[in-house]
Visitor: 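I am attaching a structure below and will ask some questions about it afterwards.
In what follows, chains are A, B, ... by sequence order, proteins preceding strands, each numbered from 1.
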Amino acid sequence: MKPTLPRGTRDFTPAQLLKRDFIFDTIKKVFKKFAFAPIETPTMENLSVLTGKYGEEGDQLIFKILNSGDFLLEPKNKNIELQQVDSKKLLPFISEKALRYDLTVPFARFVVMNRNDISFPFKRYQIQPVWRADRPQKGRYREFYQCDADVVGTDSLLCEAEIVLMIHEVMQHLGIKNIEIKINNRKILSGITEIAGSFGKETDICTAIDKIDKIGIEGVTKELFERGISQTSINILLPIINFKGNNSEILYFLKSALQNSTIGTKGIDEVEQVLHFIDQFGTQIDALKIDISLARGLSYYTGAIFEVKALDVQMGSISGGGRYDNLTGLFGLDGVSGVGISFGVERIYDIMEELNLFPQTDNSYSKILLTHFDVASMNYGMKIVANLRSSNIAAEIYPQVTKIKKQFEYANAKSIPFVAVVGETEMQNNTVALKNMLSGEQNIVDKDNILEYLQLK
RNA sequence: GAGGUCGUAGCUCAGCUGGUUAGAGCGCCUGAUUGUGGUUCAGGAGGCCAUGGGUUCGAAUCCCAUCUUCCUCACCA
């Protein structure tokens with residue numbers, strides 16, 4: 001049998017995982033610094049928890065898990081009837097569980113189920129894989145990691161500001177400097193819709209104007225028309241979504257353009273307040289840009305929406321998020337507003353690989369390899385390795401007796417920076433021959449001084 | 001979900017309009033060097049040509065299907 005991998009999934013080698021860990025660690029460090037605590041949720045959820053949360057498109061992209069048992073036994077015998085069955089009606093009989101599609105909805109479920117044990121505002125981070133039955137492409141996988149940070153139980157816009165700060169800091173630490181952090185507010189989009197007299201057509205308008213970067217103003221006009229937006233509405237919409245300027249110019253313009261919309265005005269105030277809070281934190285973030293055409297597909301966002309793009313690489317967004325006022329309400333707990341951000345690790349990885357941003361030093365797990373010639377020197381070496389490990393040095397010993405050449409080749413292939421050689425002479429003198437694999441320099445070192453030697457070099 | 005595209009050694013790829021035994025570079029293994037890697041030299045191994053069918057005297061090459069890769073649309077991290 002020939003081994004294969006399901007479409008859109010990948011194996012990861014140690015070298016790749018080392019690099020991915022670097023991303024995890026960087027993000028985790030920032031999350032912790034902003035006082036988010038970790039949680040995990042199960043790989044699978046009850047299907048009912050997930051369906052209806054991501055729009056119709058999202059429902060199709062959820063990986064469903066087949067029920068156990070011989071559920072098709074009856075229909076199997078009457079195949080023709082089975083073909084006439086509506087698959088949507090059949091679904092409950094063959095599937096009631098599904099793989100996580102993102103981390104936000106399971107988190108909302110978690111909050112509702114654990115409401116008595118957590119104190120609000122609750123800040124959590126979560127780093128786990130998610131699955132989407134999408135068609136794979138570059139930067140698009142069926143199994144990938146998300147790193148989420150959310151705070152629920154407060155509608156303070158300070159949280160939005162902190163999210164922007166976290167995005168900024170994570171990207172700085174990863175070395176992805178040339179980015180754009182786009183921010184918008186669903187309430188502004190509602191306001192625009194209201195002004196245009198197309199209330200209720202919000203989804204159509206949002207998905208159309210979201211594409212303005214790609215298809216241009218003419219394309220958007222065409223798409224709006226095809227989606228049944230009247231010409232009068234379009235005429236009102238276009239100058240608004242096509243307005244260009246810096247953040248304060250956009251806010252100034254919107255204030256007059258949306259002055260007759262209560263909700264729109266509220267959205268503008270919110271964005272302004274977020275910018276003000278960021279200012280108060282004393283951080284200047286030039287990458288932050290208000291973008292009125294940013295809509296984002298997920299249906300649960302109600303306030304701020306974020307998206308991060310790396311400008312040096314052709315790639316979809318590497319991070320996205322926003323405020324959702326009533327996600328927990330779907331599970332029976334009202335009045336818990338939340339806001340969060342999600343980093344797409346795979347895309348960040350691909351970008352860093354392309355831009356050569358991974359630090360060079362981090363490519364080996366062990367610091368030193370102990371080599372030997374026979375059983376006696378191997379035994380002698382095991383004690384040395386144990387000592388190094390108890391001093392928190394990642395050390396390994398070649399696990400079988402073989403030619404010294406082979407052991408050196410192993411160290412070289414794994415980029416282990418130091419090799420200690422132990423033979424008869426060394427055992428007699430309580431020393432090791434310690435070689436720096438980078439410089440080629442080799443010294444006789446007392447076996448109790450290895451630690452000092454390593455720290456010196 | 002709609003359309004297109006790719007698949008030959010571990011990797012990157014050559015292989016002509018079907019015609020002997022499918023090649024190269026790099027990597028890998030062995031030796032030169034029985035206590036020293038990364039350089040050099042000599043030698044060697046490694047292929048169900050993605051998978052399954054079909055056309056043909058003959059298929060890596062042509063046809064069909066499946067799987068996979070990448071791309072555009074849609075959607076997203």
Visitor: Say we look at B:G47 and B:A74: how far apart would their C1' atoms be, to the nearest angstrom?
Guide: 41 Å
Visitor: Think A:R140 has a side-chain N or O under 4.0 angstrom from the OP1 or OP2 of B:C76?
Guide: no
Visitor: Is the closest basic N to carboxylate O distance between A:R142 and A:D134 below 4.0 Å?
Guide: no
Visitor: Taking any heavy-atom pair under 4.0 Å as a contact, classify A:A413: base, sugar-phosphate, or nothing.
Guide: nothing
Visitor: Between the base of B:G35 and the side chain of A:T371, is one N or O donor paired with an acceptor at under 3.5 angstrom?
Guide: no
Visitor: Does A:G8 or A:Y141 map to a spot on RNA chain B nearer the 5' end, using the closest nucleotide for each?
Guide: A:G8
Visitor: Taking all non-hydrogen atoms of both residues into account, name the closest pair between A:S377 and A:H372 and its distance.
Guide: OG-CB, 3.4 Å
Visitor: With rounding to the closest Å, how many angstrom separate the C1' atoms on B:C73 and B:A9?
Guide: 37 Å
Visitor: Over how many whole Å does the gap from A:I62 atom CD1 to B:A77 atom C1' extend?
Guide: 16 Å
Visitor: Are the aromatic ring centres of A:F36 and A:Y125 under 6.0 angstrom apart?
Guide: no
Visitor: Between A:F24 and A:Y145, is the ring centroid distance below 6.0 Å?
Guide: yes
Visitor: Do A:S337 and A:D325 have side-chain atoms, one donor and one acceptor, less than 3.5 Å apart?
Guide: yes
Visitor: Would the base of B:A74 count as contacting A:R132 through its side chain, where contact means a donor and an acceptor less than 3.5 Å apart?
Guide: no
Visitor: Counting only non-hydrogen atoms, which of residues 306-325 of chain A are less than 4.0 Å from RNA chain B?
Guide: A:S317, A:I318, A:S319, A:G320
Visitor: Hey, what do you get for CG (A:L275) to CG (A:L288), rounding to the nearest 0.5 Å?
Guide: 6.0 Å
Visitor: Less than 3.5 Å between a donor and an acceptor, one on the side chain of A:N412 and one on the base of B:G38, is that the case here?
Guide: no
Visitor: For B:G15 versus B:A59, give the span between their C1' atoms, rounded off to a whole number of Å.
Guide: 14 Å
Visitor: Think A:K405 has a side-chain N or O under 4.0 angstrom from the OP1 or OP2 of B:U36?
Guide: no
Visitor: For the P atoms, the ones on B:C28 and on B:U68, what distance do you get once it is rounded to whole angstrom?
Guide: 32 Å
Visitor: Got a donor-acceptor pair under 3.5 Å from the side chain of A:Q407 to the base of B:G35?
Guide: no
Visitor: Quickly work out the A:Q137 CD to B:A2 P distance and round it to whole Å.
Guide: 15 Å
Visitor: Suppose we call a contact any N or O donor and acceptor under 3.5 Å apart; does that hold for the side chain of A:E409 and the base of B:U36?
Guide: no
Visitor: Answer yes or no: is there a donor N or O on one side and an acceptor on the other, between the side chain of A:S391 and the main chain of A:I393, under 3.5 Å?
Guide: no
Visitor: Over how many whole Å does the gap from A:L61 atom CG to B:A77 atom P extend?
Guide: 11 Å
Visitor: Please state how far atom CG in A:D150 lies from atom P in B:A77, giving the value in whole angstrom units.
Guide: 13 Å
Visitor: Which residue is it: A:R140, A:R10, A:K138? I am looking for the one with a salt bridge (charged side-chain N to carboxylate O under 4.0 Å, His left out) to A:E346.
Guide: A:R10
Visitor: Kindly give the heavy-atom pair with the smallest separation between A:I450 and A:V445, and that separation in Å.
Guide: N-CG1, 4.1 Å
Visitor: Starting at the 5' end of RNA chain B, which residue's closest nucleotide do you reach first, A:T9 or A:G139?
Guide: A:T9
Visitor: Using atom P in both nucleotides, what's the gap between B:U56 and B:G18 to the nearest angstrom?
Guide: 16 Å
Visitor: Return the value, rounded to whole Å, for the distance between atom CD1 of A:I167 and atom P of B:A77.
Guide: 13 Å
Visitor: If I take atom NZ in residue A:K406 and atom P in nucleotide B:G31, what distance separates them, rounded to the nearest angstrom?
Guide: 9 Å
Visitor: Are OP1 or OP2 of B:G31 and a side-chain N or O of A:K403 less than 4.0 angstrom apart?
Guide: yes
Visitor: Starting from Watson-Crick (N1-N3 plus N6-O4 or O6-N4) and G-U wobble pairs under 3.5 Å, report the runs of at least three that RNA chain B belongs to.
Guide: B:1-4 with B:70-73, B:10-13 with B:23-26, B:28-32 with B:40-44, B:50-54 with B:62-66
Visitor: Would A:K447 and A:E426 satisfy salt bridge (charged side-chain N to carboxylate O under 4.0 Å, His left out), going step by step from the backbone distance to the final call?
Guide: CA-CA 9 Å; A:K447 81 171 162 63; A:E426 286 82 4; over 6 Å; no
Visitor: With rounding to the closest Å, how many angstrom separate the C1' atoms on B:A32 and B:U51?
Guide: 45 Å
Visitor: Could you check which of B:G35, B:G37, B:U68 has an atom nearest any side-chain atom of A:R7?
Guide: B:U68
Visitor: Examine the side chains of A:N185 and A:E270 and answer whether a donor and an acceptor come within less than 3.5 Å of each other.
Guide: yes
Visitor: Can you tell me the distance, in whole Å, between the OH atom of A:Y300 and the C1' atom of B:C76?
Guide: 11 Å
Visitor: Between A:K406 and A:Y410, does a side-chain hydrogen bond (donor to acceptor under 3.5 Å, both in side chains) hold up when you go through it step by step?
Guide: CA-CA 6 Å; A:K406 190 146 186 151; A:Y410 172 81; over 6 Å; no
Visitor: Centre-to-centre under 6.0 Å for A:Y349 and A:F358, is that the case here?
Guide: yes
Visitor: Taking OP1 and OP2 of B:C75, is either one under 4.0 Å from a side-chain nitrogen or oxygen of A:R135?
Guide: no
Visitor: Using a distance-only criterion (donor-acceptor N/O pair, under 3.5 Å, no hydrogens), is the base of B:G37 paired with the side chain of A:K435?
Guide: yes
Visitor: Could you identify which residues of residues 338-353 of chain A place a heavy atom less than 4.0 Å from some atom of RNA chain B, listed by residue number, or say none?
Guide: A:R347
Visitor: Which nucleotide in the set B:G37, B:U36, B:A77 lies at the smallest distance from any side-chain heavy atom of A:Q146?
Guide: B:A77
Visitor: For B:G54 versus B:G58, give the span between their P atoms, rounded off to a whole number of Å.
Guide: 12 Å
Visitor: Taking only the P atom of each, what is the distance from B:G31 to B:G25 in whole angstrom?
Guide: 23 Å
Visitor: Send over the distance from A:N436 CG to B:U36 P, rounded to a whole Å.
Guide: 18 Å
Visitor: What's the verdict on side-chain hydrogen bond (donor to acceptor under 3.5 Å, both in side chains) for A:D59 and A:T51, showing C-alpha distance, side-chain angles and the deciding distance?
Guide: CA-CA 6 Å; A:D59 281 356; A:T51 44; 5.4 Å; no
